[in-house]
Amino acid sequence: MHLPSFDNRFLRSLPGDPEPRNFIRQVRAALWSAVAPAPVAAPRLLAHSQEMAAELGFSEADVSSPEFARVFAGNALLPGMQPFASNYGGHQFGHWAGQLGDGRAISLGEAVLADGQRRELQLKGAGPTPYSRSADGRAVLRSSIREFLCSEAMHHLGIPTTRALSLVGTGEGVVRDMFYDGHPEVEPGAIVCRVAPSFLRFGHFELPSQRGDTSLLQALADFCIARDFPHLRGRGEPLYADWFAEVCERTARLVAGWMRVGFVHGVLNTDNMSILGLAIDYGPYGWIDAYDPDWTPNTTDATGRRYRFGWQPRVANWNLGQLARALAPLFTDAAPLQAGLDRFGAAFAAADRDDTARKLGLAECGDADVALLRDLHGLLHAHEVDMTLWFRALADIDPRAPSLAPLEHAFYDAGKRTAGEAGLNDWLARYAARVREDALSVDGRRARMHAANPKFVLRNWLAQEAIDRAHAGDMAGIGELLAVMRRPYEEQPGNERFAGKRPDWAKDRAGCSMLSCSS
Ligand code: AMP
Ligand code: MG
């Protein structure tokens, strides 16, 4: 088997926990604890990402070897791997939660690619760590399938994300009470190997800061800049300021990407915010079917719906505000941090305008176009129209004779469609007039729209179908879905089923419209 070379710079450069034993505790003055994955009964590779395997140098023969399944189940280590769990805190649902840490994620080390780039490999569900608090360190198959598929789907949509190399079944049961309502069940367990240049989160900086450990905070900031932002130059406060501004900008682009494709993260706590601006921690996420800015898939958040679709930009901004507070001890003056937060607003607005132009197929976005899209969103919401289907089919509108005909398949409710007909036709007339005066050619407009409005997204019911099949012993659905999600902007004749709107069975089905943090 190909052996990646490892250079575990995080462990080498930053203080670790001196306690070698694995028990639940508060870990101070250290950013990581050495901990080995707990072996599982019967590792079996259920799916893998060909692109990730290739990037890491694994051949398809390597991937199908029993050793690969053993390594990515946590039953064996490759030479150079040094497993550890990292220490972070976070604000959960708006409140400081103290130390959290990698409760069920165990990093194996930093693989160094041929071009010198780094890829940290991390097993999710590999057993207890000092940060597991009251939980078991394991993950169930349904959640692992969702994390595996969405990591790769997000990447292929062109949105920055942690990746997934492998999905391995453990052959062991895991007990979960899916809706915390006193109905625990034994479910099959699984482990995803996630991959990212860095798994540092906002919460990694918040914890030492909250504890008043400024020297640890500074050591971590210096490390993060050197390893994860090597293009940044300078030193001291100006360097920290540039770094924070870049984190703000990346976060803005990430969230704009989610708003463009209709993704709802579901748990945007600060411990789930990547310092690299990657989508991270795929738990009770969901994809918008009928357009609804107030929708959240996360039942754990059902009352306040803090993490609803339409609030994601402001929540990201709030989270960056927490990061700014955490970094304040590195600054003598708050102005550079405020400048970074302003950068978030500007970068989000710029990305959002760009996406408006692309989604509507316009050469550029003017102020009136922002209003045009806002009005459309109101109509889609009021009349229960599928977001993905609508925008994809909008490219088929004839600007000289606009009509709802190409869009009929995007409606969920005949009554709401009838009620919305006049308003939507008015909107289409406005839109057609705008398109007629735009500089783009017919083909140019269509290509621009198709590159921004995916045909295929990982709809909740599609993932659930793959999960149902997997629970029945048929793992092929996972690979079939991944194959479609690798080319989300292409037409893919024969795969229309995967672009279909939510079937009725999925409307109120657990796993489709209702998910919890129990995973
Ligand atoms: P999440 O809501 O998944 O982002 O997790 C929040 C915190 O709970 C993190 O510190 C996780 O590592 C931890 N956690 C979640 N599930 C488990 C589990 N099954 N075992 C141990 N820790 C967990
Ligand atoms: Mg998390």
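Note that ligands are numbered from 1 as they come in the structure, with each ligand's atoms numbered from 1 the same way.
- Contact check on Lys507 versus Asp289 returns no salt bridge, with no Lys/Arg side-chain nitrogen under 4.0 Å from an Asp/Glu carboxylate oxygen.
- Taking the Mg ion (ligand 2) as the apex, the angle formed with OD2 of Asp281 and OD1 of Asn272 is 80°, to the nearest 10 degrees.
- The distance from ligand 1 to the heavy atoms of Asp281 drops below 4.0 Å at these ligand atoms: 4 (O).
- With 3.5 Å as the limit, one finds no donor-acceptor pair spanning the side chains of Arg176 and Ser516.
- When heavy-atom distances to ligand 1 are checked against a 4.0 Å cut-off, Ala135 comes that close through both its backbone and its side chain.
- Among all protein heavy atoms, the one lying closest to atom 8 (O) of ligand 1 is Arg133 NH2, 2.6 Å.
- Tyr307 and Phe93 have their aromatic ring centers within a separation under 6.0 angstrom.
- Backbone or side-chain N, O or S atoms of Asn269 do not reach the Mg ion (ligand 2) at under 2.8 Å.
- Shown in contact with Arg176 at under 4.0 Å from a heavy atom are these atoms of ligand 1, numbered in order with element: 19 (N).
- We find that Glu480 and Arg469 are joined by a salt bridge, their nearest charged nitrogen and carboxylate oxygen being less than 4.0 Å apart.
- Considering backbone and side-chain atoms together, Gly137 places an N or O closer than 3.5 Å to an N or O of ligand 1.
- Remark: ligand 1 and Arg104 share an N or O pair separated by less than 3.5 Å (distance only, no angle test).
- Note: an N/O pair closer than 3.5 Å links Asp136 and ligand 1 by distance alone.
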Exercise for review: Apply the test side chain to side chain donor-acceptor pair (under 3.5 Å) to residues Tyr180 and Thr300: give CA-CA distance (whole Å), side-chain angles for both, the deciding distance (0.1 Å), then the verdict.
Suggested key: CA-CA 9 Å; Tyr180 306 109; Thr300 314; 5.1 Å; no
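- Closest protein heavy atom to atom 12 (O) of ligand 1: Gly103 N, 2.7 Å.
- If you check the side chains of Ser198 and Arg227, you find a donor sitting under 3.5 Å from an acceptor.
- Within the set Thr129, Val267, Asn298, Asn272, the minimum heavy-atom distance to atom 1 (P) of ligand 1 is found for Asn272.
- Side-chain contact of Tyr131 with Ser33: a donor-acceptor pair under 3.5 Å is present, judged by distance alone.
- Residue Gly101 has at least one nitrogen or oxygen atom sitting less than 3.5 Å from a nitrogen or oxygen atom of ligand 1, judged on distance alone.
- Not a single N/O/S atom of Asp271, whether from backbone or side chain, sits less than 2.8 Å from the Mg ion (ligand 2).
- At a 4.0 Å heavy-atom cut-off, ligand 1 touches Gln92 through the side chain alone.
- Residues Gln312 and His265 have side chains that never bring a donor and an acceptor to within less than 3.5 angstrom of each other.
- Atom 4 (O) of ligand 1 is approached by the protein to below 4.0 angstrom, counting heavy atoms only.
- In this structure, the separation between CZ on Phe344 and CH2 on Trp318 is 13.5 Å, given to the nearest 0.5 Å.
- No side-chain N or O of Gln322 forms a donor-acceptor pair with one of Thr270 less than 3.5 Å apart.
- When heavy-atom distances to ligand 1 are checked against a 4.0 Å cut-off, Arg201 has no atom that comes that close, whether in backbone or side chain.
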